[in-house]
There are 2 protein chains.
Amino acid sequence: MKKYISVLKRTQLFSGVGEDEILSMLSCLTAKTGSYKKGQYILHQGEYSGNIFVLVEGKVHIQRDDYWGNRSILGQISVGEMFGESYVAPESGALLNDVVAVEDSVVMMFDVKRILTTCSSACRFHSLLIQNVFFAISEKNKKLVQKLDHMSKRTTREKLMSYLSEESKRQNNSKIAIPFNRQQLADFLAVDRSAMSNELCKMRNEGLIEFKKNLFTLL
Amino acid sequence: MKKYISVLKRTQLFSGVGEDEILSMLSCLTAKTGSYKKGQYILHQGEYSGNIFVLVEGKVHIQRDDYWGNRSILGQISVGEMFGESYVAPESGALLNDVVAVEDSVVMMFDVKRILTTCSSACRFHSLLIQNVFFAISEKNKKLVQKLDHMSKRTTREKLMSYLSEESKRQNNSKIAIPFNRQQLADFLAVDRSAMSNELCKMRNEGLIEFKKNLFTLL
DNA sequence: ACCTTTTCGTTGTAAAAACAACAGACTTGT
DNA sequence: ACAAGTCTGTTGTTTTTACAACGAAAAGGT
């Protein structure tokens with residue numbers, strides 16, 4: 001557990017909290033860790049969960065497969081980011097998505113009740129933690145709104161441009177690395193891979209973008 | 001302000017708090033009210049806001065118009081629901097959407113800082129309030145995920161079925177009233193209105209659904 | 001270094017959506 | 001009750017997407 005303290009220190013969740021405090025909070029919050037091999041499911045659609053998860057190693061996808069095997073990727077979680085926070089309310093029901101490790105991953109789980117109920121013991125930073133969770137969840141919220149923004153575009157090209165521009169804005173660079181391969185990007189934007197691939201090449205021919213593998217440049 | 005206490009009492013935000021307590025909390029939170037005529041903008045895309053809003057009268061849409069006038073409706077807020085909560089984090093930046101009154105509306109605004117910072121005075125229920133905000137925001141999160149679920153469907157028919165089934169599940173009834181007219185529903189699902197109208201009628205002819213105005217029945 | 005598997009681009013065809021234009025039904029205000 | 005405006009369904013055309021199939025390039029394992 002201790003080896004991940006330095007990772008936690010840099011997360012939005014524990015922002016402003018020192019390493020020593022984090023260590024004591026972890027026991028107070030009865031945090032648990034879990035390791036998952038590439039491809040393993042961390043959470044299954046339909047399950048119930050009252051935990052907030054923080055990824056401390058690896059990379060995971062929040063996704064969903066329908067009856068016919070069509071996959072839809074809701075989002076990608078990198079080290080330091082949080083997931084599972086949409087289901088912490090008492091009546092929020094079953095998970096709507098699977099959470100899958102796309103690389104060997106380690107997650108940390110926190111019982112929500114423990115987070116929200118200020119403890120009597122040494123956690124001087126508990127109220128700060130609550131605030132951090134709050135901000136983290138509202139940022140997540142904003143991310144979802146941004147994704148909806150891409151998805152509400154009518155054409156594949158518009159979806160691509162919307163996604164790439166936002167990513168460029170976020171990374172503050174016209175050269176960006178995206179965390180998806182082509183199939184994953186297609187599943188993320190809810191379009192057909194081959195049609196998307198085709199559209200990307202057209203855009204390149206028209207001088208709008210350049211790309212090589214998952215490295216894109218906006219022109 | 002007092003006339004809306006009974007409305008607030010029934011919101012998720014003030015769940016578990018009595019009317020008397022709400023009244024004292026309102027001043028402690030320095031809550032403000034605002035009235036808007038049908039069609040008026042409550043918030044503008046690009047603005048900054050550190051407030052959480054609760055609708056206490058009327059009906060508003062969270063939406064966005066692009067350069068070419070294409071409208072996209074992110075969501076609809078009914079009396080008792082909250083909005084603006086995605087932008088409360090210190091670094092969350094400008095609003096991505098407009099908020100527009102689709103009926104004469106009254107909103108209540110709360111400064112986030114006031115909510116998160118436990119006050120010294122009489123607010124015995126303050127920590128409960130924080131918990132409530134937390135749950136409310138995570139529910140909102142889930143709503144967005146559900147909307148993404150509809151939008152990730154490839155065909156108009158699938159989007160419609162996804163939306164209508166969820167609504168039916170939520171209202172626990174196969175007969176449902178939707179809060180949109182045709183154009184609004186199309187803007188909500190990001191499809192063309194006439195194509196959608198067409199699809200709805202095909203679905204009716206095939207015996208999948210029945211509808212009259214904004215009343216739908218799943219068969 | 002070789003074989004296997006995955007990823008990516010390409011093409012053609014079929015299906016679906018967008019777009020535009022219009023008529024009838026229904027609302028709203030006066 | 002009437003006129004003006006809005007909402008909804010309908011149709012035909014154009015554009016875009018999905019789907020399927022394939023070969024080349026790249027990646028990964030032994």
Side-chain angles (χ1 to χ4, degrees), chain A residues 37-39 61 66-73 100 102-104 150-164 177-206 208-216, chain B residues 37-39 61 66-73 100 102-104 150-164 177-206 208-216:
Chain A
K37 287 277 164 202
K38 176 176 177 171
H61 278 179
D66 68 13
Y67 284 125
W68 303 272
N70 301 313
R71 173 161 299 172
S72 148
I73 297 180
V100 185
V102 289
E103 294 174 5
D104 292 357
H150 308 143
M151 307 254 311
S152 65
K153 298 287 185 295
R154 302 303 167 84
T155 65
T156 300
R157 174 176 297 215
E158 281 179 305
K159 287 179 189 174
L160 283 166
M161 282 312 268
S162 179
Y163 170 69
L164 292 173
I178 67 168
F180 299 122
N181 64 30
R182 295 289 182 280
Q183 182 63 61
Q184 290 167 342
L185 180 58
D187 291 340
F188 181 75
L189 296 176
V191 295
D192 179 72
R193 181 198 59 79
S194 68
M196 184 192 76
S197 198
N198 195 267
E199 196 63 34
L200 278 171
C201 293
K202 278 193 209 160
M203 289 162 75
R204 177 171 55 190
N205 295 340
E206 293 174 27
L208 281 168
I209 57 173
E210 277 174 8
F211 57 88
K212 188 179 175 186
K213 300 233 0 160
N214 69 328
L215 266 57
F216 288 76
Chain B
K37 287 276 166 205
K38 177 176 178 173
H61 279 180
D66 68 14
Y67 283 125
W68 303 271
N70 302 313
R71 173 161 298 172
S72 148
I73 297 179
V100 186
V102 289
E103 293 173 6
D104 291 358
H150 308 144
M151 308 254 310
S152 65
K153 297 287 186 293
R154 303 303 168 82
T155 64
T156 300
R157 174 176 298 214
E158 281 178 305
K159 288 180 189 174
L160 283 166
M161 281 312 266
S162 179
Y163 170 69
L164 292 173
I178 67 169
F180 299 121
N181 64 27
R182 295 289 182 280
Q183 183 62 60
Q184 291 168 340
L185 180 58
D187 290 341
F188 181 74
L189 296 176
V191 295
D192 179 73
R193 181 198 60 79
S194 68
M196 186 192 76
S197 198
N198 195 269
E199 196 63 37
L200 279 171
C201 292
K202 278 193 209 160
M203 289 162 74
R204 176 172 54 190
N205 295 340
E206 294 174 28
L208 281 167
I209 58 172
E210 277 175 7
F211 57 88
K212 189 179 175 184
K213 299 229 1 154
N214 69 329
L215 267 56
F216 289 77

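All chains are named by letter (A, B, ...) in the order of the sequence lines, taking the proteins before the strands, and each is independently numbered beginning at 1.
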Contact summary for B:Ile73 and B:Gln184, nearest pair of heavy atoms:
CD1-O, 3.6 Å

For the student: nearest non-hydrogen atoms of B:Phe211 and B:Arg182, plus distance:
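Closest heavy-atom pair between B:Phe211 and B:Arg182: CD1-NH2, 3.2 Å.
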
Please report the distance, rounded to the nearest Å, between [atom1] in [X] and [atom2] in [N].
X	N	atom1	atom2	result
B:Leu160	C:dA16	CG	P	14 Å
B:Leu189	C:dA17	CG	P	12 Å
B:Lys202	D:dT8	NZ	C1'	17 Å
A:Lys38	C:dT5	NZ	C1'	12 Å
A:Glu199	C:dG9	CD	P	13 Å
B:Arg182	C:dC26	CZ	P	13 Å
A:Asn205	C:dG9	CG	P	11 Å
B:Asp66	C:dA18	CG	P	14 Å

If the threshold is 4.0 Å, N to carboxylate O, is there a salt bridge linking A:Lys38 and A:Asp104?
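Looking at A:Asp104 together with A:Lys38, the answer is no, because their closest N to O distance does not fall below 4.0 Å.
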
Phosphate OP1/OP2 of [N]: any [X] side-chain N/O under 4.0 Å:
X	N	result
A:Arg157	D:dT16	no
A:Asn181	C:dT7	yes
B:Thr156	C:dA17	yes
B:Arg193	D:dT8	no

Please tell me which of the listed nucleotides, D:dG9, C:dG9, D:dT16, lies nearest to the side chain of A:Thr155?
D:dT16

According to the interplanar angle, ranging from 0 to 90°, do the rings of B:Tyr163 and B:His150 count as parallel (below 30°), tilted (30 to 60°) or perpendicular (above 60°)?
perpendicular

Which part of the nucleic acid does B:Asp192 contact within heavy-atom distance under 4.0 Å: base, sugar-phosphate only, or nothing?
base

Upstream residue (5' side of DNA chain C) when A:Arg154 and A:Lys213 are each assigned their closest nucleotide
A:Lys213

Here's a test of your reading of the structure: between B:Phe211 and A:Ala195, which maps to the more 5' nucleotide of DNA chain D?
B:Phe211

Between the side-chain atoms of A:Ser194 and the base atoms of D:dA20, is any donor-acceptor pair under 3.5 Å?
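Side chain to base: pair present.
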
Note, B:Lys202 side chain near B:Arg157 side chain (heavy atom, < 4.5 Å):
yes

